[in-house]
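As structure tokens, the structure follows; a few thoughts come after it.
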Amino acid sequence: MSYVITGATGALGRLVIEALLARTAPGEIVAVARDRAKAADLAARGVAVRIADYGRPETLRDTFAAGDRVLLISGNEAGRRLAQHSAVIDAARDAGVALLAYTSVLGGPAATFSIAEEHIATEQALLASGVPYCLLRNGWYHENYTGALAGTLKTGAVIGSADGGRVASAARRDYAEAAAEVLTGSGHEDSVYELSGDTAWTMAEYAAEVSRQTGREIPYRDLPEERYAALMTEAGVPGPAARMVADADAAIARGELASTPGDLARLLGRPTTPLADAIADALKEPGLS
């Protein structure tokens, strides 16, 4: 039996592997990646590396083994993810894995924004497969916002179309540690976890915290959804991606990412990382202090 992480060289995947290395021996961990070179550092630490591609089902045939506990990290190719995820689910089912956890989206079927559509369809495919499952319905990451701090400080404003809606975000590392806990723990089969931060905040509150920590006046500028998407496109974001981000902000305004059921903190056995801590860490990056 191995703990198998797909998409292992991505930002979330690497953090999951770090969390697993704190819990188990490297030889029990398998990193699944498309590019062996990108996983060379993991191999050097004793983690097994298997090469496979979500978009090439034939490469997945020998990726899993009976009894494995697998984390399927959702792909990032919008419009292709259902087919890619289904290929992983089929390969896991055929191998007889003991658990397949999937990084879905907060709210699951109740989510109405476009980013959620392929997640919802993947959940349905996983449930229909008969594979023991765990749905990790991840909320937003702090890093969705702190990762854009350079641009925020350059423009002098936080810009969005979330109105006064609240976001119960948490650190990417929080979600990674929860995934590792599910893989290595017991009793998580056929379970659903709504994962989010302990505290939901508004964009105006986020801007106020950035202002406090930088000593600058950084307001929140709320725009209509269409104008926000257009502004991102003008800045170089591809049109479809810009529309998805603006659509997600509209969902925030409707309250769809504000839920704080406490599942994430319970899996972690500690409070989730405060947004203020994430901002402080981001501001330590060169050029942001």
Side-chain angles (χ1 to χ4, degrees), residues 1-32 42 47-48 50 54 63-75 85 88-89 91-93 95-109 111 119-120 122-127 129-142 168-198 259-273:
M1 185 275 289
S2 297
Y3 302 109
V4 185
I5 311 304
T6 72
T9 57
L12 179 62
R14 284 185 172 278
L15 289 173
V16 174
I17 288 177
E18 289 296 333
L20 286 172
L21 285 169
R23 290 167 166 79
T24 191
E28 295 184 342
I29 305 169
V30 175
V32 180
L42 300 175
V47 174
R50 295 176 189 163
Y54 291 172
T63 300
F64 311 115
D68 282 350
R69 300 174 69 83
V70 180
L71 175 65
L72 168 55
I73 295 179
S74 58
H85 297 165
V88 176
I89 292 168
R93 179 200 60 212
V97 304
L99 178 70
L100 180 56
Y102 171 64
T103 60
S104 190
V105 68
L106 188 66
H119 287 298
I120 294 169
T122 298
E123 287 192 8
Q124 293 170 345
L126 180 52
L127 294 175
S129 73
V131 176
Y133 66 87
C134 182
L135 300 179
L136 302 173
R137 291 179 174 163
N138 290 355
W140 261 210
Y141 300 159
H142 291 331
S169 64
R172 183 180 280 114
R173 188 176 298 276
D174 291 342
Y175 294 107
E177 291 182 8
E181 178 61 30
V182 163
L183 290 181
T184 58
S186 60
H188 301 295
E189 291 81 3
D190 300 338
S191 296
V192 179
Y193 296 110
E194 300 286 349
L195 303 180
S196 60
D198 295 337
S259 175
T260 56
D263 287 1
L264 182 53
R266 281 189 287 272
L267 283 173
L268 295 174
R270 61 167 174 80
T272 61
T273 303

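FYI, side chains are in, hydrogens and waters are out, and symmetry mates aren't considered; it's all heavy atoms of this structure. Numbers here are sequence positions counted from 1.
For Ser169, the side-chain hydrogen bond (donor to acceptor under 3.5 Å, both in side chains) partners at least two apart in sequence or on another chain are His142, Trp201. A search for side-chain hydrogen bond (donor to acceptor under 3.5 Å, both in side chains) contacts involving Asp263 returns Arg266, not counting sequence neighbours. For the side-chain hydrogen bond (donor to acceptor under 3.5 Å, both in side chains) test, no residue two or more places apart in sequence or in another chain qualifies with Asp190. Residues satisfying the side chain to side chain contact (heavy atoms under 4.5 Å, CB included) test with Ser74, not counting sequence neighbours, are His85, Tyr102, Thr103, His119. Every residue meeting the ring pair (Phe, Tyr, Trp, His ring centres under 6.0 Å) condition with Tyr193, not counting sequence neighbours, appears here in chain and number order: His188. Partners of Ser129 by side-chain hydrogen bond (donor to acceptor under 3.5 Å, both in side chains), not counting sequence neighbours: none found. With sequence neighbours left out, Arg137 forms a salt bridge (charged side-chain N to carboxylate O under 4.0 Å, His left out) with Glu123, Glu194. For Ala92, the side chain to side chain contact (heavy atoms under 4.5 Å, CB included) criterion is met by Phe64, Val97, Leu100, not counting sequence neighbours. Checked against side chain to side chain contact (heavy atoms under 4.5 Å, CB included), Leu15 has the following partners two or more places apart in sequence or in another chain: Arg172, Arg173, Ala176. Applying the side chain to side chain contact (heavy atoms under 4.5 Å, CB included) criterion to Arg270, with sequence neighbours excluded, gives Asp174, Glu177, Leu268, Thr273.
Ala265 approaches Thr272 most closely through the heavy-atom pair N-CG2, 4.1 Å. Contact record, Gly67 with Ala98: O-CB, 3.5 Å, taken as the closest heavy-atom pair. Considering every non-hydrogen atom in both Ala178 and Leu267, the closest pair reads CB-CD1, 4.1 Å. Across every non-hydrogen atom of Gly197 and Thr260, the tightest pair is O-CG2, 3.5 Å. A pairwise comparison of heavy atoms in Val182 and Cys134 identifies CG1-SG, 3.8 Å as the closest pair. Leu42 and Ala31 get closest at one heavy-atom pair: CD1-CB, 3.9 Å.
When side chains are defined from C-beta on, Ser104 does not count as touching Thr122, because their heavy atoms never get closer than 4.5 Å. A heavy-atom distance below 4.5 Å is not found between the side chains of Thr63 and Val88. Val47 is listed as a side-chain neighbour of Leu21, based on a closest heavy-atom distance under 4.5 Å.
Legend: salt bridge (charged side-chain N to carboxylate O under 4.0 Å, His left out) pairs involving residues 6-16, not counting sequence neighbours, sorted by first then second residue: Arg14-Asp41.
Considering OG1 of Thr184 and CD of Glu28, their distance stands at 10.0 Å, rounded to 0.5 Å.
Without hydrogens or angle criteria, Ser196 side chain to Ser259 main chain gives a donor-acceptor distance under 3.5 Å. The backbone N or O of Leu99 sits nowhere less than 3.5 Å from a side-chain atom of Arg69 that would complete a donor-acceptor pair. Judged by distance alone, the side chain of Thr24 and the main-chain N or O of Leu20 form no donor-acceptor pair under 3.5 Å.
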Residues 2-10, side-chain donor-acceptor partners within the protein, below 3.5 Å, at least two apart:
{"unit_1": "Thr6", "atom_1": "OG1", "unit_2": "Tyr54", "atom_2": "OH", "d": "2.6"}
{"unit_1": "Thr6", "atom_1": "OG1", "unit_2": "Leu71", "atom_2": "O", "d": "3.2"}
{"unit_1": "Thr6", "atom_1": "OG1", "unit_2": "Ile73", "atom_2": "N", "d": "3.1"}

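The side chain to side chain contact (heavy atoms under 4.5 Å, CB included) test with Leu264 is passed by exactly one of Leu136, Asn138, Leu195: Leu195.
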